Participant: 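My questions will all concern the structure given below.
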Amino acid sequence: MNVKNFIETQVEEIKKIVGKGKAISALSGGVDSSTCTVLAHRAVGSQLKNIFIDNGLMRAGEPQAVVKAFADLGIAVDVVDKEKEFFIALKGKTDPEDKRKAFRYAFYNSFGREVLKSKAPFLVQGTIAADIIETQKGVKTQHNILEQIGIDPEKGFGFKVVEPLKELFKHEVRLVARELGLPEAIYNRMPFPGPALATRVIGEVTPERVALVRAATVIVEEELAALKPFQAFAVLLSDKGTGIVDGKRTFGDIIIIRSVESKDALTAEPTPIPFEVLNRMAKRITKEIPSVSRVAYELTSKPPATIEYI
Ligand code: XMP
């Protein structure tokens with residue numbers, strides 16, 4: 001792939017589509033939406049409004065880090081607090097596809113309202129090839145797939161979707177990001193799914209359960225940073241396991257550590273983590289999050305497992 005040509009072509013394409021109108025970029029801080037935002041900003045500059053929807057499901061410190069990274073690039077980002085809406089949409093849902101659909105509905109409704117408010121007819125988003133392939137194959141409902149499965153975004157939500165990265169795979173997006181001058185912290189960032197920590201809470205997604213998995217994620221990311229895994233995170237199961245705290249029996253939460261190596265996320269293998277690192281993570285998680293009584297490391301490849309848990 002010729003990265004420079006790709007950038008030039010996409011910039012021209014976005015200019016042509018948006019014309020003299022306005023567009024909104026759906027920024028999540030991940031490498032795909034960040035790359036897409038810089039590309040669209042290069043194409044239409046101040047005609048582009050960048051919105052980060054704070055859905056209450058992000059990793060620790062994420063909204064602030066995204067705003068700062070883009071401010072450093074001279075790009076303003078508006079954070080819109082929609083936490084309540086997402087938790088209301090997810091309330092009572094335990095089926096993985098129901099959760100994904102509830103997330104998608106909350107996601108496009110939030111953007112739909114922002115798009116209507118700003119009268120921008122275009123939503124620029126960082127859909128990549130793997131998102132489309134997995135959704136069409138029926139593996140799972142990726143949060144950002146509409147037209148490809150027959151949903152007309154204009155009819156449903158009131159805007160047209162612009163997807164400049166839809167033919168690229170993750171490693172190609174990283175090359176484009178680097179060429180566009182994004183910082184390494186973004187272009188080499190671990191993939192993080194649109195439905196965020198909701199994909200890592202089995203059972204009902206409540207603010208308390210998200211806070212728990214968020215705290216465990218901090219520990220996993222810190223302890224595995226040196227190994228530079230393709231993707232690593234914590235998952236909260238809905239089952240419980242017995243434990244002992246201060247000599248008394250408890251029935252506590254179970255955290256799974258998931259870490260995988262992959263090129264394009266279509267297949268993956270578990271990261272060979274040294275035992276002492278695994279042991280240290282388990283000890284830290286149970287000590288720093290007392291409601292957790294058990295920690296396990298997952299050894300399944302993709303396939304047959306997927307990377308995320310829902
Ligand atoms: P799975 O779990 O299907 O994930 O093996 C493959 C890759 O895609 C990410 N992922 C998503 N990304 N929206 C996204 O933007 C989604 O709905 C979504 N679901 C999974 C996942 O983190 C992994 O990198």
Side-chain angles (χ1 to χ4, degrees), residues 25-37 52-53 55 57-59 62 66 86 89-90 93 95-108 110-111 123-146 148-149 151 161 163-166 168-174 177 186 188-202 205 213 217 220-221 224 228-235 256-271 298-310:
S25 178
L27 183 63
S28 73
V31 60
D32 307 338
S33 70
S34 297
T35 306
C36 204
T37 299
F52 178 98
I53 298 275
N55 51 28
L57 301 162
M58 291 289 172
R59 285 173 291 191
E62 196 128 38
V66 171
F86 279 81
L90 289 162
K93 305 231 166 18
D95 175 80
E97 278 294 286
D98 284 353
K99 281 155 70 171
R100 283 183 164 270
K101 285 180 183 149
F103 181 92
R104 182 171 66 189
Y105 180 78
F107 178 81
Y108 283 108
S110 306
F111 273 113
L123 180 74
V124 183
Q125 65 173 17
T127 315
I128 65 169
D131 301 341
I132 298 171
I133 294 171
E134 302 253 271
T135 302
Q136 285 174 334
K137 272 198 316 204
V139 174
K140 58 181 66 168
T141 304
Q142 299 264 6
H143 78 286
N144 51 358
I145 304 297
L146 295 172
Q148 293 87 349
I149 53 168
I151 300 177
V161 171
E163 296 172 317
L165 308 178
K166 70 178 176 212
L168 303 192
F169 286 93
K170 190 68 90 186
H171 61 285
E172 297 171 315
V173 179
R174 293 192 201 282
I186 292 185
N188 264 342
R189 197 151 206 226
M190 262 188 228
F192 186 61
L197 298 176
T199 61
R200 299 166 184 179
V201 169
I202 310 305
V205 181
V213 90
T217 301
V220 172
E221 287 190 359
L224 296 183
K228 296 191 187 324
F230 175 81
Q231 204 165 354
F233 51 88
V235 179
I256 301 287
I257 297 166
R258 178 86 164 130
S259 180
V260 295
E261 303 308 321
S262 176
K263 187 173 174 208
D264 51 18
L266 294 175
T267 60
E269 286 297 322
T271 307
E298 214 228 283
L299 292 173
T300 326
S301 308
K302 175 181 180 177
T306 55
I307 295 175
E308 305 290 346
Y309 261 59
I310 73 159

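One-based numbering, in listed order, for ligands and for the atoms of each. Keep in mind that this is a model prediction, so the values were computed, not measured.
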Participant: Taking side chain as C-beta onward, heavy atoms only, is S259 less than 4.5 Å from V220?
Facilitator: no
Participant: Spell out, as yes or no, whether a donor-acceptor pair under 3.5 Å connects the side chain of T271 to the backbone of P229.
Facilitator: no
Participant: Please compare A268, A196, A265, G194 and report which has the shortest non-hydrogen distance to atom 14 (C) of ligand 1.
Facilitator: G194
Participant: Is R200 close to ligand 1, meaning an N/O of one under 3.5 Å from an N/O of the other?
Facilitator: no
Participant: Looking at ligand 1, does R100 have a heavy atom less than 4.0 Å from it?
Facilitator: yes
Participant: Got a donor-acceptor contact below 3.5 angstrom from the R100 side chain to the P195 backbone?
Facilitator: no
Participant: Does S301 reach the main-chain N or O of E269 with its side chain, forming a donor-acceptor pair under 3.5 Å?
Facilitator: no
Participant: Would you mind running through ligand 1 and noting each atom that sits below 4.0 Å from a heavy atom of Q231?
Facilitator: 21 (C), 22 (O), 23 (C), 24 (O)
Participant: Keeping Q231 on the side-chain end and P191 on the backbone end, is there a donor-acceptor pair under 3.5 Å?
Facilitator: yes
Participant: Is the closest side-chain heavy-atom distance between K101 and K93 below 4.5 Å?
Facilitator: no
Participant: Mind checking whether P193 contacts ligand 1 via backbone (N, CA, C, O), side chain (CB onward), both or neither, at a 4.0 Å heavy-atom cut-off?
Facilitator: both
Participant: In ligand 1, which numbered atoms sit nearer than 4.0 Å to a non-hydrogen atom of T306?
Facilitator: 1 (P), 2 (O), 5 (O)
Participant: Considering the heavy atoms of P195, write down every atom of ligand 1 situated less than 4.0 Å from one of them.
Facilitator: 13 (N), 16 (C), 17 (O)
Participant: Between K302 and ligand 1, find which residue part has any heavy-atom pair under 4.0 Å and reply side chain, backbone, both or neither.
Facilitator: side chain
Participant: Is it the case that the side chain of K302 and the backbone of A265 share a donor-acceptor pair, with hydrogens and angles ignored and the cut-off at 3.5 Å?
Facilitator: yes
Participant: Judging by distance only, is a nitrogen or oxygen of I310 under 3.5 angstrom from one on ligand 1?
Facilitator: no
